[in-house]
Amino acid sequence: MDLAYLAEWANLLIRWLHLITGIAWIGTSFYFIGLDNQLDPPRDGNPLVKGEQWSIHGGGFYHKQKYANAPASLPEKLHWFKWEAYWTWISGFSLFMLIYWGQANTYLVDPAVMDLSPGVAVAISAAMLVAGWVVYDLACRSKWGENEALLSAFGVGLLVVAAFAACHIFSGRGAFLQIGAMTGTIMVANVAMVIIPGQRKMVAAMQAGQVPDAKYGRWGKQRSVHNTYLTLPVLFLMISPHYPMTWGAEWNWVVLLAITLAGALVRQFFVQRQFGRNPVALPAAAAVVIGIMAFVLMPARTPAGMAAPAFAEVQAITAARCATCHAARPTQEGFAEAPKGVRLDEPGQIRRWAQSIRQQVATEAMPPGNLTEITAEERASLIAWVAAGAPRE
Ligand code: HEC
């Protein structure tokens, strides 16, 4: 049995599931926030109804009404929204365990950041997942929790601390995913621990012939609004592994904060538009922040005063530092095939991937966790070779 090979299939299937359920969940989040923000007074004047929306979609007319607290009686069938959230987390957490915990040496630990054993790294990662939720939840439930401005400031502070800590404990890539996982965990826990239990109490009260306490509606709404602002940041963090220029940067925790902030601003813009406002300053600010990041992180094209090395030297470096994984049959444990199909064990292949090699080596994304202990001089050689046009001589 080739475990590394089977793990690749598990990776594919779980990732596929994660995308599907994540799209379903964020889709409902966008839909219901938009619905809530665009309610008109009810045409039939029902005093229990807070507002209604008429819409047309897929060739049909729809009429949705939102009750201020609850309808006079429970309908026979009530549609709940929870499994898309739960399965997003189950699949996401499985993937996180499979990759970042299962191969902690490769993905979570970077000895240049902190020389952790895999076991300790996984323990810290797990503790941070739990702590993020506990601290956030306590803040929401505290007596300041009703003050949205104060709570938002606290939330941003929590993110700053978490990002700084993660980026000084884990590899850059691992840190970004760790913060993504913590944010996703908070979002799902909002559903599982606050919104759904509150709704259960509301339904139970109605079954007992009582009017549900309005606080459950208020609490649920608060968490649901938090979740919507977290959607864009969390999606950036989830795709960040593909972009080593972000997490490979020296000040990667600042990059993390800047881009997640930009995402939240863009989400805020769309929410404001639902109220009929058009604050273009928000996406403009997001564009400026990302523009500055792109400019600041631009790599120098050629290391100063460095002549291109001979191709033989390039081959020697890739053979020693890369081809343990990037070969048709990798010798590195845990690898069944050349990662991402990138083979660096043949002259033609090395030249073919020249630009990607520069990108990966300059940002120190490769070798992961510097497993093969490439030196700074060897990195500079590879970069100088690509800058000179990847010559074959
Ligand atoms: C320990 C195994 C290992 C070593 C050693 C290693 N890599 Fe990788 N490499 C990987 C993995 C795993 C990926 C896929 C990363 C991912 O999942 O995004 C990868 C991806 C890449 C990619 C494709 C990136 C992309 O997504 O487009 C390039 C290019 C690359 N490596 C270059 C190198 C170079 C150059 C070296 C040597 C300096 C090197 N690698 C050493 C494991 C390794």
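When a ligand or atom number is given, it counts from 1 through the structure's own listing order.
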Problem set entry | Results of side-chain hydrogen bond (donor to acceptor under 3.5 Å, both in side chains) for Tyr136 - residues two or more places apart only | Asn190, His226

Problem set entry | Gln210: partners by side-chain hydrogen bond (donor to acceptor under 3.5 Å, both in side chains), with sequence neighbours left out | none

Does ligand 1 have any N/O atom under 3.5 Å from a protein N/O, and what are those pairs and their distances?
{"unit_1": "ligand 1", "atom_1": "7 (N)", "unit_2": "His326", "atom_2": "NE2", "d": "2.8"}
{"unit_1": "ligand 1", "atom_1": "9 (N)", "unit_2": "His326", "atom_2": "NE2", "d": "2.8"}
{"unit_1": "ligand 1", "atom_1": "17 (O)", "unit_2": "Lys340", "atom_2": "NZ", "d": "3.1"}
{"unit_1": "ligand 1", "atom_1": "18 (O)", "unit_2": "Arg173", "atom_2": "NH1", "d": "3.2"}
{"unit_1": "ligand 1", "atom_1": "31 (N)", "unit_2": "His326", "atom_2": "NE2", "d": "2.8"}
{"unit_1": "ligand 1", "atom_1": "40 (N)", "unit_2": "His326", "atom_2": "NE2", "d": "2.7"}

Problem set entry | Qualifying residues under ring pair (Phe, Tyr, Trp, His ring centres under 6.0 Å), relative to Tyr229, sequence neighbours excluded | none

Exercise. Taking the side chain from Gln38 and the backbone from Gln53, do they hold a donor-acceptor pair closer than 3.5 Å?
Worked result: no

Exercise. Is there a side chain to side chain donor-acceptor pair (under 3.5 Å) between Gln222 and Glu148 once you walk through the steps?
Worked result: CA-CA 9 Å; Gln222 180 192 43; Glu148 280 302 322; 3.1 Å; yes

Exercise. Are the ring centres of Phe32 and Phe81 closer than 6.0 Å?
Worked result: yes

